[in-house]
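Below: the structure, in structure tokens.
Remember, predicted model here, so these are calculated numbers, not experimental data.
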Amino acid sequence: MKNKRLLSGPYLFWAIAFIIIPLVMIFYYGLTNNNGQFTFSNLARMTTPENLKALGLALLISLISTVICLLLAYPLAMILSEKNVSQTGFMALIFILPMWMNFLLRTLAWQTLLEKNGVINSLLNLLHLPELAIINTPYAVALGMVYNFLPFMILPIYNVLSRIDKDVINAARDLGANNLQTFLKIILPLSVPGIISGITMVFVPSLTTFVISDLLGGSKILLIGNVIEQEFKQGSNWHVGSGLSIVLMLFIIASMALIAKYDKDGEGSMF
Amino acid sequence: MSNKLIDIVNVSKSFDENVVLDKLNLYIRENEFLTLLGPSGCGKTTLLRILGGFETPDSGEIIFNGQNINAIPPNKRQLNTVFQKYALFSHMTIADNIAFGLKIKGKSKNYIEDKIRYALKLVNLEGFEHRTPDSLSGGQQQRIAIARAIVNEPKVLLLDEPLGALDLKLRQDMQYELIRLKNELGITFVYVTHDQEEALTMSDTIVVMNQGYIQQIGTPEDIYNEPQNAFVADFIGESNIISSTMVEDKVVKMLGATWECVDVGFGKMRPVDAVLRPEDIVLVKPGEGVIDGVVTNIIFKGVHYEMDVLANNYELLVHSTSMYPVGTEVGITVDPFNIQIMKKPESEDAEAVGIEE
Ligand SMILES: Nc1ncnc2c1ncn2[C@@H]1O[C@H](COP(=O)(O)OP(=O)(O)OP(=O)(O)O)[C@@H](O)[C@H]1O
Ligand SMILES: [Mg+2]
């Protein structure tokens, strides 16, 4: 008993120093003005037209990226989960490998690839094909998000899929279900927890990122993450930056709650 | 009951180097209750999975109603399976689990509801409709697995140790229910168990398997009374297997004495194995039996006493309703009809295969 308490000490310290205190500070800055007086005006800054636009764009791009990730990841996770371990190892490695490289570096690499006079366009020129002009557009940002966050969608889905008992699938087939019915009525519902954590792990970082939009969107694509970054760094206005962060946090919590609720409702009527 | 419904012809199956089934031949007749009986790992589940379509045999044919069904997927086969590990759908209620097959077939709502009620009553779990599988005990899950398969009224039901998780009382009730069901619906049962008592009470035909080979096929009486080799004798019930010599037809030399028996055709002075069931050994006064022995151990078993009797350096297992204290001298005799003579296996391989020349 005493030992256990002792063991949890470092975690407690960690939680207080790096989770609780920063959160308290964000809430403090977010809910006060320069004079230290309580105010909601920092939160209300979200409603300015520019900020709303940035939030809307961020929501749209991260939603699209999340959907694309899901569509790409699910079939791949299924293929991986059906193979035996030795084959999976290699396949998984190919998709996980990029994760071992620096995030910034990977995104910079895409910048070089996509640039007006970048690698891809040089190649296209060589082949006398029309140029690709997606750098500094929302498409490039979405591409960056999908590329960077895809593994976070694959892993949780692969995890739940590989844990489904093969005989449960056999039982569905045995009871007359064809492949499609088995997928829709058994495999998909059973993999919902993996889908949800995959969505969370892709949607949240996409919604808050400013690096990807900075590097692949140029100065043209302003997401809510960029706005907050600018408030903190260029504006040095911690109050507004924190206020916007709080609103964004509430947004994320609300959307997660929505997904969780939908999942609960879904369970009963899935069939 | 005479026509073959399923014919298993020369079926082999191995996993990597591990040969699980080797050129297995077996047919199952319509309305038969056929039990696959054998020790753990002998290939019972594998054979059942091949019938269900979840494994493909490496070679050989599965003939169903005269047609080769090797390439037919499980959902197109007219049989249903009760899986060894239940394999219930954890994201559905019990009612939805049972209804699964019927919904796929597009049965009407009323029909399905009736069936669910009927099936739950059958497995003694009325009122469990809205529970989820996780909230059920192992035995209850097992019964739901039976209910889920049975509502589909398949031609053949494959059951893989379907009563393994139940206590004795419930198991006996379910055995009775399954047999009633089989007679009522005219379903052919292929039943896997390693419980020999269950096999003896329920089956029309028992197939004793060992290491992927069929040891003996026969009625429960055949298997129990006339085991064809030492493996079957040992596996079914308790038995004394004694190395003996067949002197001539109907005369066997065993335990240092000459006994009268009824077996013929083993030749003269041939080494054989003799099987004596513990309940067939009769204890009499010393000197009045064929040989004498001494009681070395006695345990009360409820209906009978179980004794070890040392006779000519062989410890015989004897069941008797009379009690003989340890150290008692007894005479031993056996009715000639109760001495079962078997050929000795020539080698270990032959023992596994049950080859009889
Ligand atoms: N998918 C598989 N891959 C590799 N080996 C397998 C596989 N399935 C079964 N085996 C092997 O085949 C042999 C027979 O297995 P099987 O499950 O048929 O035994 P069983 O008679 O049903 O045993 P039990 O009574 O314990 O259920 C075992 O040695 C097992 O290890
Ligand atoms: Mg088994």
| Which residues in residues 39-54 of chain B have any heavy atom lying under 4.5 Å from a heavy atom of chain A? | B:R49, B:F54
| message | Counting only heavy atoms from other residues, nucleotides and ligands, does the tally under 6.0 Å from CZ of B:F15 exceed 12? | response | yes
| message | Could you measure the distance from the CZ atom of A:R173 to the CD1 atom of B:I104? Nearest 0.5 Å is fine. | response | 10.5 Å
| note | Separation between CG (A:D165) and CZ (B:F83), nearest 0.5 Å, reads 9.0 Å
| Of the backbone (N, CA, C, O) and the side chain (C-beta and beyond), which part of B:L158 lies under 4.5 Å from a heavy atom of chain A, both, or neither? | neither
| field | Region of B:N152 that comes under 4.5 Å of a non-hydrogen atom in chain A | value | side chain
| More than 12 non-hydrogen atoms from neighbouring residues, nucleotides or ligands closer than 6.0 Å to CZ on A:F251, yes or no? | no
| request: Might you point out which heavy atoms bring B:A87 and A:A171 nearest each other, and give the distance in Å? | output: O-CB, 3.8 Å
| Exceeds 12 heavy-atom contacts within 6.0 angstrom, atom OH of A:Y147 | yes
| message | Measuring from atom CG of A:L188 to atom NE2 of B:H91, what distance do you get when rounded to the nearest 0.5 angstrom? | response | 9.0 Å
| query | Which value, rounded to the nearest 0.5 Å, describes the distance between A:K185 atom NZ and B:F100 atom CZ? | reply | 6.0 Å
| Once you round to the nearest 0.5 Å, how far does CG of B:L79 lie from CG of A:D174? | 7.0 Å
| message | Can you tell me which of B:S90, B:G101, B:P73 forms the most heavy-atom pairs within a distance under 4.5 Å of chain A? | response | B:G101
| message | Please identify, among A:N179, A:I169, A:D167, A:L190, the residue contributing the most non-hydrogen atom pairs under 4.5 Å to chain B. | response | A:D167
| remark: Taking a cut-off of under 4.5 angstrom between non-hydrogen atoms, the residues of residues 105-143 of chain B near chain A are B:K105
